[in-house]
Every structure is written in structure tokens, then in C-alpha cells.
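One is the number of the first residue; the rest follow in order along the sequence. The shown structure was predicted, so the numbers you read here are calculated from the model rather than taken from an experiment.
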Amino acid sequence: WRMQAISSGISYRSWVTDEPYFSARSLIATVRAATFNSRARAERRVSHLRHVTSVAVTAGALSLLAVFMVRALSAPPENRLADLQVYRGAVTEWSHGGQLYDYVRHNGDIFTYPPVAGELLIWLRMMNVNTGNVIWTVLTGAAVLALAGILLGPGAKASPLSSSLFLLFLVASSPTRSNIEFGQISLFIVLGVALDLKLVPVRLQGLLLGAACAVKLTPLVFVLYLWCIGKRRAALLATFSALTLTSLAFMRRPVDSKEYWLKQILDDSKFVNRDSPGNQSLLAVVERSRIPHASLVWLLCVLLVVVLGTWT
């Protein structure tokens, strides 16, 4: 009886004598316990909902990635992985004694990367076209997941739901879709840069970045970034790595190296279409807007981007 009375907020004295006497302390404790239990149940429900949502978003992201990969591999043969066809055609002609930059696909596309990239892609000519397409597409999908894992590593401090949403946005982004659809090399370049900046030991930082710069010139901006944030050793190591690989390619393929570094790189009209809406570079956007003194406006925009990027 006494335990029932206390749990109801009524004192033992009032339970026995039927006096209308309530223990205020017991009543407050009961209310507090009920409130605590209610909050705990609500928190458990919210946590469960977040977990279920995170799993659903991750499953959606993986499904979307699979759809992009299957769609890329099932495209009509003439348009299937168009950029990969250029890589394969150029290195095949190269290995048969031709010049890397003489290859022109039926739609006018040519090989636009330094000779180091041709050396890395030479394996494409050694296997069946369909097999090469599948391997390339699977590796691209794996690169997307690896990139998400690196960017969401221990230092990110992201919740499971935030990580799932990031993966979904990464998969659904235009660069990811275009890399999968056209069989482009850019995702592998980004992955190499992310590995260098996030996971490589400090004493070796810059080596992978330099290798990425030797394959494609765009990552050179990160060399400037490392220098500006005070990581001078990493910037110098990246420069050394890029120059070393470029020099080795120059010794191995002197004709193609001269063609690229003395001609191709100075004439972007062969592989850059600034009138295309797909070209979102600052120069292309400024020129399409028909702004007076476009070159000056472009230069100011570049300086602004450099300042903001290095300052933040």
C-alpha cells in the first residue's frame, strides 16, 4: 500500500487515514520522471527516424550511381563513353607509330591532355572495347565512392544523415554525371588531389598532386593554394613531381611533347568551344555575355577568385 501511495504522490499517512494529504516532493519527482521518460522516447524516435532516413538516402545515392553507370554502358555505340573513345583511339594510333595529337574522332574531338596522360592510358588498347568500357565505368563509380569517403573522413565531423546527403549530392552533381556518361578522366584526377591533400603523410604531400598536374593542368591551382597557405614544401614537391614526369615523357615521346607544349597548349581553339553553354569557365561565360573589354573583366574575375580562394 505504501509503495502504491508513494508512486501516486500520496503519503502513507493519507493512504491509511484517508486524509486528503499529498506529498508535494513525491508529486514533483513523479512529474520529472514522466517528463524525462517522454523526452527519452522522443529522442529515440528522432534518432531512429534519422537512421532510417540516412539508410534510405544512401541507398538512393547508390541506386542513382548504378543507373548512371548502366545508362552510360547501354548508350548507342557511336556515343557510348565518347571521351573514352578518344583516349582509346589516340593511344591506339600512338602505339602503331602515329602521333598522339593526330587522331581525330568522327565528331572532331581530339586528345587534349599532356603526353603523360597518354602513357597512363596506353592499357586501353590492350583489351576488348566492351571490357575496357566496363572496367573504366566501374572504376569511375568506385572513384566517386572513394572521393566521398575521403571528404567525409574523421576530420569532417559529419552526422550519418549529413554524410548520406553529401553522397547523394555528389552522385547527382553535373561533373559526376558527365564523367560517367562520357568516360572522362577528371574524377580520377580529383581523387588523386584529394588523396594528396587529405590522407598522404605530410612529408610526402605534393607527390600525388604533382602527378595529377602532369596528367591534366587544372590541378596546378592547388600548387598555388599550398604555397599561399604556407605549405611551401608540399608546393615545391608537387612542382618537382610534375616536372619530373613531364621530363620523362619528353625523353620518351619528344615529338608529341613538343607538339603539346609548344603548339597545342598555345592554341585552345582546337579543343575548347567557348560558345557552348556547357563550357562554364570564367572566360567562356564572360565572352558569351558580350561584355565590353571581356579580357579585362575576365582577368579581374580570375584575380577575385584567386584572392577569395587563398584567403578563405
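Scanning both residues, Val86 and Arg105, for their nearest heavy atoms gives CG2-CD, 3.6 Å. Looking at every heavy atom in both residues, Leu199 comes nearest to Ile150 through CD1-CG1, 3.9 Å. Of all heavy-atom pairs between Pro219 and Leu209, the closest is O-CD1, 3.7 Å. Considering all non-hydrogen atoms of both residues, Pro114 and Trp261 come closest at CB-CZ2, 4.2 Å. Closest non-hydrogen pair, Leu245 versus Ala211, comes out as CD1-CA, 3.6 Å.
Cluster membership for Ile180 and Leu124, using ILVMFWY side-chain heavy atoms within less than 4.5 angstrom, is shared. Leu100 is connected to Leu84 through a chain of hydrophobic side-chain contacts under 4.5 Å among Ile, Leu, Val, Met, Phe, Trp and Tyr, so both are in one cluster. A continuous path of ILVMFWY side-chain contacts below 4.5 Å connects Val221 to Ile229, so both sit in one hydrophobic cluster. Hydrophobic clustering of Ile, Leu, Val, Met, Phe, Trp and Tyr side chains at less than 4.5 Å, counting indirect connections, keeps Phe111 apart from Val255. Residues Leu191 and Leu187 share a single hydrophobic cluster, defined by chaining ILVMFWY side chains whose heavy atoms lie under 4.5 Å apart.
Ion pairing between a basic and an acidic side chain is recognised when a charged N comes within 4.0 Å of a carboxylate O; Arg252 and Glu119 show such pairing.
The backbone N or O of Ala172 sits nowhere less than 3.5 Å from a side-chain atom of Thr176 that would complete a donor-acceptor pair. With hydrogens and angles disregarded, no donor-acceptor distance shorter than 3.5 Å links the side chain of Thr137 to the backbone of Val134. Put simply, the side chain of Ser164 gets close to the backbone of Pro160: a donor and an acceptor are under 3.5 Å apart. Under the 3.5 Å distance criterion, the side-chain polar atoms of Arg233 are matched with a main-chain donor or acceptor of Arg203. Checking side-chain atoms of Asp196 against main-chain N and O of Leu208 turns up a donor-acceptor pair under 3.5 Å.
Counted by atom type alone, Glu259 and Gln264 present one or more donor-acceptor pairs between their side chains at under 3.5 Å. Arg80 and Gln85 share no side-chain donor-acceptor pair at under 3.5 Å.
Considering only heavy atoms from C-beta on, Leu226 comes within 4.5 Å of Leu197 through its side chain. You'll find the side chain of Phe250 reaches within 4.5 Å of the side chain of Lys258, heavy atoms only. Between Val129 and Asn133, the closest side-chain pair of non-hydrogen atoms falls below 4.5 Å. You'll find the side chain of Leu204 reaches within 4.5 Å of the side chain of Leu207, heavy atoms only. Taking the side chain as every heavy atom from C-beta outward, Arg177 and Phe182 never approach each other to under 4.5 Å. You'll find the side chain of Leu73 reaches within 4.5 Å of the side chain of Leu81, heavy atoms only. Counting heavy atoms from C-beta on, the side chains of Arg253 and Trp94 come closer than 4.5 Å.
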* Asked: Can you list the steps and then say if Thr244 with Ser241 is a side-chain hydrogen bond (donor to acceptor under 3.5 Å, both in side chains)?
  -> CA-CA 5 Å; Thr244 299; Ser241 175; over 6 Å; no
* To do: Check the pair Leu217 / Cys213 against side-chain contact (heavy atoms from CB on, under 4.5 Å), numbers first and verdict last.
  => CA-CA 5 Å; Leu217 302 183; Cys213 294; over 6 Å; no
* To do: Test side-chain contact (heavy atoms from CB on, under 4.5 Å) on Ile185 and Leu121 and set out the steps.
  => CA-CA 10 Å; Ile185 198 174; Leu121 296 170; 4.3 Å; yes
Report all side-chain donor-acceptor pairs from residues 139-148 shorter than 3.5 Å, counting only partners two or more places apart or in another chain.
residue: Thr140; atom: OG1; partner: Trp136; partner atom: O; Å: 2.8

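Heavy-atom contacts from other residues, nucleotides or ligands closer than 6.0 Å to NE2 of His106 number more than 12. Other residues, nucleotides and ligands contribute at most 12 non-hydrogen atoms within 6.0 Å of the CZ atom of Phe222.
Not less than 6.0 angstrom separates the ring centroid of Tyr260 from the ring centroid of Tyr113.
Every residue meeting the side-chain hydrogen bond (donor to acceptor under 3.5 Å, both in side chains) condition with Ser159, not counting sequence neighbours, appears here in chain and number order: Ser162.
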